[in-house]
Amino acid sequence: MGALGNFLRRNQPDWCKECKRELEEVRRQLFALPGVSVGHYVEHTDPEFYQENLYIVDQKADIPPGMYACGTIQYRCLGCGKRVTVLDPFLPVRDQEKHEGRVVFRNGELDDVLWL
Amino acid sequence: MKTDQVKKVNYGYLLAYILMPAALMALGLWIGYTVYEDGEIGAVMFNMCSFIVAVLLWVFGGRIVYFFAKKRMLKQLDGAGVDRRQIFYSDGCVVSVDARQAKVALLFFWNPFALYVIPAGRVTRVWADDGVGGRGVLRGTSRVSFLFEVDGAKVRVNTFVSNQRWKLNDDKVLEGISKADLWVQVLDQARQQKAGV
(Lines give C-alpha, C1' and ligand atoms only; values in the text may rest on other atoms or scores of the structure.)
Protein backbone atom coordinates (compact mmCIF):
# COMPACT_ATOMS: atom_id res chain seq x y z
CA MET A 1 0.00 0.00 0.00
CA GLY A 2 1.28 3.41 -0.87
CA ALA A 3 1.81 6.49 1.23
CA LEU A 4 -1.62 7.83 0.32
CA GLY A 5 -3.24 4.62 1.51
CA ASN A 6 -1.30 4.75 4.77
CA PHE A 7 -2.36 8.35 5.26
CA LEU A 8 -6.02 7.55 4.68
CA ARG A 9 -5.97 4.53 6.98
CA ARG A 10 -4.08 6.11 9.86
CA ASN A 11 -7.22 6.75 11.93
CA GLN A 12 -8.93 3.46 11.26
CA PRO A 13 -9.12 1.18 14.29
CA ASP A 14 -7.70 -1.83 12.46
CA TRP A 15 -4.47 -0.02 11.57
CA CYS A 16 -1.26 0.13 13.58
CA LYS A 17 0.16 3.64 13.37
CA GLU A 18 3.57 2.59 14.63
CA CYS A 19 4.14 -0.37 12.32
CA LYS A 20 1.98 1.07 9.52
CA ARG A 21 0.31 -2.24 8.88
CA GLU A 22 -3.13 -3.76 9.13
CA LEU A 23 -4.07 -5.34 12.44
CA GLU A 24 -5.12 -8.95 12.61
CA GLU A 25 -8.60 -9.65 13.91
CA VAL A 26 -8.27 -11.95 16.89
CA ARG A 27 -11.85 -12.45 18.04
CA ARG A 28 -15.36 -11.06 18.10
CA GLN A 29 -17.95 -11.18 20.83
CA LEU A 30 -21.47 -9.83 21.25
CA PHE A 31 -22.46 -8.25 24.55
CA ALA A 32 -25.70 -6.87 25.96
CA LEU A 33 -25.86 -3.45 27.59
CA PRO A 34 -28.76 -3.90 30.03
CA GLY A 35 -28.18 -0.49 31.59
CA VAL A 36 -28.86 1.33 28.34
CA SER A 37 -32.34 1.38 26.83
CA VAL A 38 -33.79 2.98 23.72
CA GLY A 39 -33.88 6.76 23.90
CA HIS A 40 -31.30 6.88 26.69
CA TYR A 41 -28.04 6.21 24.86
CA VAL A 42 -25.10 8.37 25.87
CA GLU A 43 -21.65 7.74 24.42
CA HIS A 44 -19.19 6.57 27.06
CA THR A 45 -15.47 6.63 26.45
CA ASP A 46 -14.41 5.51 29.92
CA PRO A 47 -13.56 1.81 30.12
CA GLU A 48 -15.06 1.52 33.62
CA PHE A 49 -18.56 1.93 32.19
CA TYR A 50 -18.09 -1.01 29.86
CA GLN A 51 -16.37 -3.10 32.53
CA GLU A 52 -19.46 -2.78 34.71
CA ASN A 53 -22.23 -2.96 32.10
CA LEU A 54 -21.27 -5.50 29.44
CA TYR A 55 -22.78 -8.98 29.64
CA ILE A 56 -21.91 -11.74 27.20
CA VAL A 57 -24.73 -13.03 24.99
CA ASP A 58 -24.57 -15.71 22.31
CA GLN A 59 -26.77 -14.11 19.68
CA LYS A 60 -28.71 -10.95 18.91
CA ALA A 61 -32.02 -12.70 19.51
CA ASP A 62 -31.13 -13.01 23.21
CA ILE A 63 -31.30 -9.24 23.63
CA PRO A 64 -34.81 -8.04 24.59
CA PRO A 65 -36.50 -5.21 22.65
CA GLY A 66 -35.37 -1.74 23.57
CA MET A 67 -32.06 -2.85 25.08
CA TYR A 68 -28.73 -1.86 23.57
CA ALA A 69 -26.13 -4.37 22.44
CA CYS A 70 -22.43 -3.96 21.87
CA GLY A 71 -20.37 -5.76 19.28
CA THR A 72 -16.71 -6.03 20.15
CA ILE A 73 -13.73 -6.87 18.01
CA GLN A 74 -10.20 -7.35 19.27
CA TYR A 75 -7.29 -6.72 16.93
CA ARG A 76 -3.62 -7.52 17.36
CA CYS A 77 -0.63 -6.10 15.55
CA LEU A 78 1.59 -8.87 14.22
CA GLY A 79 4.50 -6.47 14.27
CA CYS A 80 4.53 -4.92 17.75
CA GLY A 81 1.97 -7.11 19.50
CA LYS A 82 -0.26 -4.16 20.38
CA ARG A 83 -3.90 -5.00 21.02
CA VAL A 84 -6.83 -2.79 20.10
CA THR A 85 -10.44 -3.25 21.18
CA VAL A 86 -13.22 -1.77 19.11
CA LEU A 87 -16.68 -1.45 20.63
CA ASP A 88 -19.71 -0.91 18.43
CA PRO A 89 -22.78 -0.08 20.54
CA PHE A 90 -26.01 -0.54 18.63
CA LEU A 91 -29.73 -0.88 19.13
CA PRO A 92 -31.10 -4.11 17.66
CA VAL A 93 -34.48 -3.42 16.05
CA ARG A 94 -36.12 -6.51 14.59
CA ASP A 95 -33.85 -7.46 11.68
CA GLN A 96 -32.01 -4.13 11.62
CA GLU A 97 -29.53 -2.24 13.76
CA LYS A 98 -29.15 1.38 14.77
CA HIS A 99 -25.43 2.01 15.25
CA GLU A 100 -24.23 4.78 17.53
CA GLY A 101 -20.58 5.07 16.53
CA ARG A 102 -17.53 3.06 17.46
CA VAL A 103 -15.50 3.44 20.63
CA VAL A 104 -11.85 2.41 20.33
CA PHE A 105 -9.53 1.41 23.17
CA ARG A 106 -5.93 1.26 21.98
CA ASN A 107 -4.15 0.58 25.26
CA GLY A 108 -5.68 -2.71 26.35
CA GLU A 109 -8.04 -1.12 28.87
CA LEU A 110 -10.69 -3.81 28.42
CA ASP A 111 -8.52 -6.84 27.75
CA ASP A 112 -8.86 -8.27 31.25
CA VAL A 113 -12.64 -7.92 31.25
CA LEU A 114 -13.68 -8.82 27.75
CA TRP A 115 -11.16 -11.46 26.81
CA LEU A 116 -10.85 -13.68 29.88
CA MET B 1 -58.06 8.68 39.98
CA LYS B 2 -60.64 6.66 38.10
CA THR B 3 -60.98 2.92 37.77
CA ASP B 4 -64.22 2.81 35.75
CA GLN B 5 -64.52 2.40 31.99
CA VAL B 6 -61.77 4.19 30.13
CA LYS B 7 -62.89 7.14 27.99
CA LYS B 8 -60.35 8.54 25.58
CA VAL B 9 -62.35 11.67 24.82
CA ASN B 10 -64.27 13.93 27.20
CA TYR B 11 -66.79 15.37 24.76
CA GLY B 12 -67.70 18.21 27.12
CA TYR B 13 -64.07 19.30 27.21
CA LEU B 14 -63.75 18.92 23.45
CA LEU B 15 -66.84 21.04 22.89
CA ALA B 16 -65.63 23.68 25.34
CA TYR B 17 -62.21 23.64 23.66
CA ILE B 18 -63.85 24.52 20.34
CA LEU B 19 -66.59 26.87 21.53
CA MET B 20 -65.02 28.81 24.39
CA PRO B 21 -62.43 30.67 22.27
CA ALA B 22 -65.18 31.31 19.72
CA ALA B 23 -67.39 32.70 22.47
CA LEU B 24 -64.51 34.83 23.73
CA MET B 25 -63.97 36.17 20.23
CA ALA B 26 -67.69 36.91 19.85
CA LEU B 27 -67.71 38.70 23.22
CA GLY B 28 -64.74 40.83 22.20
CA LEU B 29 -66.40 41.75 18.92
CA TRP B 30 -69.66 42.56 20.68
CA ILE B 31 -67.94 44.83 23.22
CA GLY B 32 -65.94 46.44 20.45
CA TYR B 33 -69.03 47.24 18.42
CA THR B 34 -71.38 48.24 21.24
CA VAL B 35 -69.16 50.08 23.74
CA TYR B 36 -66.95 51.76 21.15
CA GLU B 37 -69.50 52.61 18.48
CA ASP B 38 -67.36 55.33 16.99
CA GLY B 39 -64.50 52.91 16.35
CA GLU B 40 -61.88 54.24 18.71
CA ILE B 41 -58.71 52.50 19.79
CA GLY B 42 -60.76 50.48 22.27
CA ALA B 43 -62.76 48.91 19.46
CA VAL B 44 -59.59 47.92 17.66
CA MET B 45 -58.11 46.48 20.83
CA PHE B 46 -61.18 44.44 21.71
CA ASN B 47 -61.69 43.15 18.18
CA MET B 48 -58.05 42.32 17.58
CA CYS B 49 -57.14 41.01 21.02
CA SER B 50 -60.14 38.73 21.28
CA PHE B 51 -59.29 37.24 17.89
CA ILE B 52 -55.62 36.74 18.82
CA VAL B 53 -56.44 35.23 22.22
CA ALA B 54 -58.96 32.87 20.64
CA VAL B 55 -56.43 31.64 18.09
CA LEU B 56 -53.79 31.21 20.80
CA LEU B 57 -56.23 29.20 22.88
CA TRP B 58 -57.06 26.95 19.93
CA VAL B 59 -53.39 26.40 19.15
CA PHE B 60 -51.82 26.18 22.60
CA GLY B 61 -54.68 25.79 25.08
CA GLY B 62 -54.90 22.00 24.81
CA ARG B 63 -51.15 21.56 25.16
CA ILE B 64 -51.04 23.76 28.27
CA VAL B 65 -53.89 21.84 29.89
CA TYR B 66 -52.22 18.53 28.93
CA PHE B 67 -48.88 19.74 30.34
CA PHE B 68 -50.37 20.50 33.74
CA ALA B 69 -52.44 17.30 33.65
CA LYS B 70 -49.20 15.33 33.20
CA LYS B 71 -47.67 17.09 36.19
CA ARG B 72 -50.78 16.35 38.26
CA MET B 73 -50.73 12.72 37.08
CA LEU B 74 -47.25 12.18 38.52
CA LYS B 75 -48.27 13.63 41.88
CA GLN B 76 -51.42 11.51 41.97
CA LEU B 77 -49.53 8.33 41.12
CA ASP B 78 -46.93 9.08 43.79
CA GLY B 79 -49.69 9.75 46.30
CA ALA B 80 -51.38 6.47 45.49
CA GLY B 81 -48.16 4.49 45.78
CA VAL B 82 -48.13 3.51 42.09
CA ASP B 83 -44.66 2.90 40.69
CA ARG B 84 -44.27 5.25 37.71
CA ARG B 85 -40.73 4.47 36.66
CA GLN B 86 -42.00 2.90 33.44
CA ILE B 87 -43.81 5.78 31.81
CA PHE B 88 -44.20 6.85 28.19
CA TYR B 89 -45.26 10.33 27.15
CA SER B 90 -46.90 10.56 23.77
CA ASP B 91 -48.70 13.36 21.96
CA GLY B 92 -52.14 11.97 22.67
CA CYS B 93 -51.71 9.74 25.69
CA VAL B 94 -49.49 9.00 28.67
CA VAL B 95 -49.05 5.36 29.68
CA SER B 96 -47.45 4.22 32.90
CA VAL B 97 -47.06 0.60 33.96
CA ASP B 98 -46.51 -0.58 37.51
CA ALA B 99 -45.20 -4.08 36.86
CA ARG B 100 -45.14 -5.08 40.53
CA GLN B 101 -48.80 -4.25 41.18
CA ALA B 102 -49.82 -5.07 37.57
CA LYS B 103 -51.49 -1.71 37.13
CA VAL B 104 -51.71 0.55 34.10
CA ALA B 105 -52.19 4.30 34.41
CA LEU B 106 -53.59 6.24 31.47
CA LEU B 107 -54.03 9.93 30.75
CA PHE B 108 -55.47 11.20 27.47
CA PHE B 109 -54.98 14.53 25.70
CA TRP B 110 -58.71 14.91 25.07
CA ASN B 111 -59.65 13.78 28.58
CA PRO B 112 -57.02 15.48 30.71
CA PHE B 113 -59.04 15.71 33.92
CA ALA B 114 -59.43 11.95 34.31
CA LEU B 115 -56.50 9.78 35.33
CA TYR B 116 -57.29 6.11 34.91
CA VAL B 117 -55.46 3.52 36.99
CA ILE B 118 -56.71 0.12 35.95
CA PRO B 119 -55.64 -3.50 36.51
CA ALA B 120 -53.40 -4.71 33.70
CA GLY B 121 -55.82 -7.59 33.13
CA ARG B 122 -58.26 -5.17 31.51
CA VAL B 123 -55.78 -4.65 28.69
CA THR B 124 -56.92 -7.36 26.30
CA ARG B 125 -54.59 -7.07 23.32
CA VAL B 126 -51.27 -5.32 22.65
CA TRP B 127 -49.45 -4.90 19.37
CA ALA B 128 -47.03 -2.63 17.51
CA ASP B 129 -47.77 -0.85 14.23
CA ASP B 130 -44.86 0.36 12.10
CA GLY B 131 -47.26 2.15 9.74
CA VAL B 132 -45.32 1.05 6.68
CA GLY B 133 -46.74 2.03 3.31
CA GLY B 134 -45.78 2.74 -0.27
CA ARG B 135 -43.77 0.76 -2.77
CA GLY B 136 -40.24 0.77 -4.04
CA VAL B 137 -38.29 3.91 -3.18
CA LEU B 138 -41.42 5.42 -1.62
CA ARG B 139 -41.75 2.59 0.88
CA GLY B 140 -41.58 4.02 4.39
CA THR B 141 -43.55 5.27 7.33
CA SER B 142 -44.69 8.51 8.90
CA ARG B 143 -46.01 7.01 12.13
CA VAL B 144 -44.91 4.23 14.44
CA SER B 145 -47.01 3.35 17.44
CA PHE B 146 -48.02 0.67 19.87
CA LEU B 147 -51.67 -0.09 20.40
CA PHE B 148 -53.71 -1.86 23.01
CA GLU B 149 -57.33 -2.57 23.69
CA VAL B 150 -58.78 -1.65 27.04
CA ASP B 151 -62.50 -1.97 27.86
CA GLY B 152 -63.13 -2.54 24.16
CA ALA B 153 -61.54 0.76 23.14
CA LYS B 154 -58.42 0.85 21.00
CA VAL B 155 -55.70 3.13 22.35
CA ARG B 156 -52.92 4.20 20.02
CA VAL B 157 -49.71 5.59 21.50
CA ASN B 158 -47.35 7.11 18.96
CA THR B 159 -43.63 6.54 19.38
CA PHE B 160 -42.68 8.32 16.15
CA VAL B 161 -44.70 10.84 14.14
CA SER B 162 -43.66 12.92 11.16
CA ASN B 163 -45.29 14.93 8.39
CA GLN B 164 -42.92 13.21 5.98
CA ARG B 165 -42.45 9.59 5.03
CA TRP B 166 -39.19 8.09 6.30
CA LYS B 167 -37.45 4.93 5.21
CA LEU B 168 -37.76 2.02 7.58
CA ASN B 169 -34.01 1.89 8.18
CA ASP B 170 -33.83 5.53 9.27
CA ASP B 171 -32.52 6.00 12.80
CA LYS B 172 -35.60 7.89 13.97
CA VAL B 173 -37.92 5.20 12.66
CA LEU B 174 -35.79 2.41 14.13
CA GLU B 175 -35.89 4.12 17.52
CA GLY B 176 -39.67 4.45 17.26
CA ILE B 177 -40.08 0.78 16.34
CA SER B 178 -37.80 -0.21 19.21
CA LYS B 179 -39.82 1.85 21.68
CA ALA B 180 -43.06 0.36 20.37
CA ASP B 181 -41.70 -3.21 20.66
CA LEU B 182 -40.40 -2.46 24.15
CA TRP B 183 -43.78 -1.18 25.31
CA VAL B 184 -45.62 -4.12 23.80
CA GLN B 185 -43.37 -6.33 25.90
CA VAL B 186 -43.86 -4.20 29.04
CA LEU B 187 -47.66 -4.26 28.72
CA ASP B 188 -47.69 -7.98 27.89
CA GLN B 189 -45.58 -8.77 30.94
CA ALA B 190 -47.92 -6.74 33.17
CA ARG B 191 -50.93 -8.55 31.69
CA GLN B 192 -49.36 -11.96 32.22
CA GLN B 193 -48.43 -11.07 35.76
CA LYS B 194 -52.04 -10.11 36.46
CA ALA B 195 -53.21 -13.34 34.92
CA GLY B 196 -50.71 -15.27 37.05
CA VAL B 197 -48.85 -16.74 34.08
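By convention in this document, chain letters (A, B, ...) are assigned in the order of the sequence lines, proteins followed by strands, and residues within each chain are numbered from 1. Here the structure is a predicted model, which means the values were calculated and not measured.
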To the nearest 0.5 Å, tell me how far D171(B) CG sits from E100(A) CD. 7.0 Å

So, the part of Q185(B) with a heavy atom under 4.5 Å from chain A: the answer is side chain

Between Q96(A) and I177(B), is any pair of side-chain heavy atoms under 4.5 Å apart? no

Rounded to the nearest 0.5 Å, what separates atom OG in S178(B) from atom CE in M67(A)? 10.5 Å

Count the heavy atoms belonging to other residues, nucleotides or ligands that lie under 6.0 Å from CZ of F51(B), then report whether that count exceeds 12. no

Taking every heavy atom of G39(A) against every heavy atom of K179(B), the minimum-distance pair comes out as CA-CE, 4.3 Å

Considering residues at least two apart in sequence or located in another chain, which fulfil the salt bridge (Lys or Arg N to Asp or Glu O under 4.0 Å) criterion with R63(B)? none

Residue W30(B) excluded, over 12 heavy atoms near CH2 under 6.0 Å: no

Pairs where residues 134-147 of chain B contributes a residue and the test salt bridge (charged side-chain N to carboxylate O under 4.0 Å, His left out) is met, not counting sequence neighbours: none

Might you confirm whether atom NZ of K8(B) has over 12 heavy atoms from other residues, nucleotides or ligands at distances under 6.0 Å? yes

For L174(B) versus E97(A), what's the shortest heavy-atom pair and its separation? CD1-O, 3.8 Å

